[in-house]
Amino acid sequence: MSTQSSRATARLMLSPTVILLLIWMIVPLALTLWFSTQRYNLLYPDRQGFNDFANYTRFIATPAFTAAIINTLVLVLGVLVITVVLGILIALLIDQPLWGQGPVRILVISPFFIMPPVAALIWKNMFMNPTNGLFAEAAKYLGLPPFDFLGAAPLASIILIVAWQWLPFATLILLTALQSLSSEELEAAEMDGAPPVKRFWYIMLPHLARSITVVVLIQTIFLMGIFGEILVTTNGGPGSASTTLPFLIYKEALLDFDAGTAAAGGVVAVIIANIVAIFLMRAIGKNLDA
Amino acid sequence: MARAVTTRRKIINTVAAWSVALILFFPILWTILTSFKPEAQAVSSPPVFLAFDWTLQNYIDVNEQRNYLKFFWNSVIIAVGSTLLGLVIAIPAAWSMAFVPGKRTKDLLMWMLSTKMMPAVGVLVPIYLIFKSLGLLDTRVGLVVVLTLMNLPIIVWMLYTYFKEIPGEILEAARMDGANLRAEILYVLTPMAVPGIASTVLLNIILAWNESFWTLNLTVTDAAPLTKFISSFSSPQGLFYAKLSAASTMAIAPILIMGWFSQKQLVRGLTFGAVK
């Protein structure tokens, strides 16, 4: 249907988006690359020049660097495991015949809409606080000593908070996928006498496979950038016990004013994100043909 | 045979599902309840669930002492502004890819998506410095621009998946009747695409409202939205649970309600159409 002129118009209409995204993608990234090779401290703007990739060696040699990489991995994997496993179970449960499915869905999805600082502060103050949080009250009631969640197990506590925020996302997507499963197939299996576990393993799980992939990949992208939750709960501490890669870079840049080293960290973060992105793009790209 | 279940089974399902739902919702419920407590009862031990002296004082205090409204308006302006600006840029792009697809359309879509994969920290330093030299730090204009660019790929993608479902023949018929491109988009496409555009707007406002990297790092006070305002409660001094709860309740209420309405479209938007 497209004529020569309509093609030209189409290109014209596409260009603002393409140009803006190109600028947004290339200019900051090029600057990050440039800064990462330069001596550049915001407090001493006159000291500049190429510094033999010292920013990279300095960033990687920071004692917190290894911790940050491990913490980022633990955070991402921990949240993924919790949200996917519980997400499948809750989706299966809500998919059953029950009264009030609508309200249940609404309650379950709600944590996803809570802005990160609010979510983190609710948990930090009203639940995890060792003197007057609800968990401490529960421990007192049971005659146990209170547990200082964010002091003694900062990363695990942050994983709990973030998992609470992302569990609804996993549940909602898996539920949507479950509801598109044809009931005939399940009934046939039921008539053939397949027990529930087998029905789940051989029919439901393969059907859910793609949605699980999508959940894992999209969550990974967002989880690798978790920032606000850490800022308002532990500020990366104690020590570097809950410092992740984004948080470490933020510290270098805006607290230590070392723009060069922070930029080097940024390049590291971009490389890691790209490795994940390649997998995500493949999963989504495959679906685009269908 | 339909999947008939016994009433007993249905009761068990209902109890189990409601229990899970209430556990997940409880932190939000607790915050809302705490926001109506006097400050002393907010930290009382053992905690009081409902039998406290209900008060609106916290809402009044947060509004009067902490200037809540200023932050609220910043959030509204930033979220709505970046969404509308994104929409104006994205509608023509999504239109052209959906109705005049070329050989490269798919590559282009994937490339747009890939810009979303760039971690924000990767460009924190240059964006911060550019903003500083342009005087955009702590301005609403600056944040609107950043959030527009950040969410532009999602807006284009969502609109594209909705536009794809509109039959091209209708547009052709309009063209035969002499409609020009502008009329075609304004009077034929847009009305049909309203539901899709509406859910794109909703999802994008939710994402922009809750964005907590750029809004925290690029603002100080003037342009600070609710994310920054709530974060200011993280310091131990001046921490009052009931007031924090009142501020939190006001910050999440509009988005929570919008989210409930858009949950169906949410799946599609957040998975870039991969799960419908």
Side-chain angles (χ1 to χ4, degrees), chain A residues 1-2 6-7 9-10 13-14 16-17 21 24-25 28 31-32 35 90 93-94 96-99 104 106-111 113-118 121-122 125-126 132 137 172-173 176-177 211 214 221 225 227-228 232 246 249 253 259 262-263 266 269-270 273 277 281 284-285 287-288, chain B residues 5 10 13-14 16-18 20-21 24-25 27-28 30-31 43 45-47 89-90 92-93 96 100 106 110 112 114-115 117 119-127 149 152 156 172 181 206 210 212-213 216 227 230-231 233-234 241 244 248 251-252 255-256 259-260 263 267 271-272 274-275:
Chain A
M1 75 180 223
S2 47
S6 76
R7 266 184 197 288
T9 326
M13 291 163 77
L14 202 50
T17 300
L21 283 178
W24 171 241
M25 197 176 168
L31 282 171
T32 301
F35 291 145
I90 297 175
L93 178 62
I94 300 179
Q96 303 291 314
L98 54 90
W99 286 292
V104 164
I106 282 182
L107 292 180
V108 168
I109 186 70
S110 296
F113 302 121
I114 308 303
M115 59 172 68
V118 168
L121 283 180
I122 291 175
N125 293 311
M126 302 207 286
N132 49 20
E137 292 291 343
L172 189 66
I173 286 175
T176 310
S211 311
V214 171
I221 297 289
F227 176 79
V232 301
I249 297 167
V270 169
M281 305 294 281
I284 294 178
N287 188 61
L288 202 60
Chain B
V5 281
K10 199 167 171 181
N13 287 341
T14 306
W18 275 92
V20 170
L24 284 176
F25 190 74
I28 301 170
W30 189 248
T31 307
V43 291
S45 169
I89 302 167
S96 73
V100 195
K106 193 186 155 185
M110 294 312 284
M112 286 181 188
S114 75
T115 65
M117 315 283 162
V121 278
V123 293
L124 172 63
V125 172
I127 296 285
L149 290 169
L152 192 56
V156 172
E172 256 174 282
L181 188 65
I206 293 172
N210 289 346
S212 303
F213 182 79
L216 292 180
T227 45
I230 299 290
S231 300
F233 280 86
S234 66
Y241 288 6
L244 166 66
S248 298
I252 62 179
I255 289 307
L256 203 54
W260 289 342
Q263 49 160 326
V267 173
T271 59
F272 303 100
V275 176

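All chains are named by letter (A, B, ...) in the order of the sequence lines, taking the proteins before the strands, and each is independently numbered beginning at 1.
The parts of B:Ala251 that come within reach of chain A are both its backbone and its side chain, each placing non-hydrogen atoms under 4.5 angstrom from that chain. Proximity to chain B is limited to the side chain of A:Ile109, based on heavy atoms less than 4.5 angstrom apart. For A:Ile173, the parts sitting under 4.5 Å from any heavy atom of chain B are the backbone and the side chain alike. For chain B, the nearby parts of A:Leu172 are the backbone and the side chain; heavy atoms of each come within less than 4.5 Å. For a residue to count as touching a neighbouring chain, one of its non-hydrogen atoms must lie under 4.5 Å from one of that chain's; by this rule B:Leu256 touches chain A with backbone and side chain alike. With a 4.5 Å cut-off on non-hydrogen atoms, B:Ile252 touches chain A through its side chain but not through its backbone. With a 4.5 angstrom heavy-atom cutoff, A:Leu21 touches chain B via backbone and side-chain atoms both.
Under the 3.5 Å distance criterion, the side-chain polar atoms of A:Thr17 are matched with a main-chain donor or acceptor of B:Ile89. Although no hydrogens or angles enter the test, the distance criterion places a donor-acceptor pair under 3.5 Å between the side chain of B:Tyr241 and the main chain of A:Asn125.
For the pair B:Phe233/A:Val118, no side-chain contact is recorded, criterion being any heavy-atom separation below 4.5 Å from C-beta on. In this structure the side chain of A:Pro97 reaches within 4.5 angstrom of the side chain of B:Asn13, judged on heavy atoms.
Heavy atoms only, all atoms of each residue included: A:Met13 and B:Ser96 are closest at CB-CB, 4.4 Å. Contact detail for B:Ser231 and A:Val232: the closest heavy-atom pair is OG-CG1, 3.5 Å. Contact detail for B:Ile255 and A:Phe113: the closest heavy-atom pair is CG2-O, 3.5 Å. The two atoms that bring B:Val121 and A:Ala269 nearest to each other are CG2-CB, 4.0 Å, heavy atoms only. When every heavy atom of A:Ala259 is checked against every heavy atom of B:Val125, the shortest pair comes out as CB-CG1, 3.7 Å. In terms of heavy atoms, A:Pro117 sits closest to B:Thr227 at CG-O, 3.6 Å.
Distance check: A:Ile122 CD1 to B:Trp30 CH2 gives 12.5 Å after rounding to the nearest 0.5 Å. Separation of atoms CH2 (A:Trp24) and OG1 (B:Thr115) is listed at 9.0 Å; rounding is to 0.5 Å.
Here A:Ala263 pairs with A:Thr32, A:Phe35, A:Ser36 under the side chain to side chain contact (heavy atoms under 4.5 Å, CB included) rule; sequence neighbours left out. Partners of A:Ser110 according to the side chain to side chain donor-acceptor pair (under 3.5 Å) rule, which considers only residues two or more places apart in sequence or in another chain, are B:Trp260.
Chosen from B:Leu149, B:Val156, B:Ile230, the residue pairing most often with chain A at heavy-atom distances under 4.5 Å is B:Leu149. Note on B:Ala21, B:Ala17, B:Pro27: by heavy-atom pairs under 4.5 Å with chain A, the leading option is B:Pro27. Taking A:Ile94, A:Leu121, A:Ile249, A:Ile90 one by one and counting their heavy-atom pairs under 4.5 Å with chain B, the maximum is reached by A:Leu121. Annotation: maximal heavy-atom pairing with chain B below 4.5 Å, among A:Leu31, A:Val270, A:Ile106, occurs at A:Ile106.
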After noting the C-alpha distance and the side-chain angles of B:Asn210 and A:Ile114, does the key distance pass the side-chain contact (heavy atoms from CB on, under 4.5 Å) rule? CA-CA 7 Å; B:Asn210 289 346; A:Ile114 308 303; over 6 Å; no

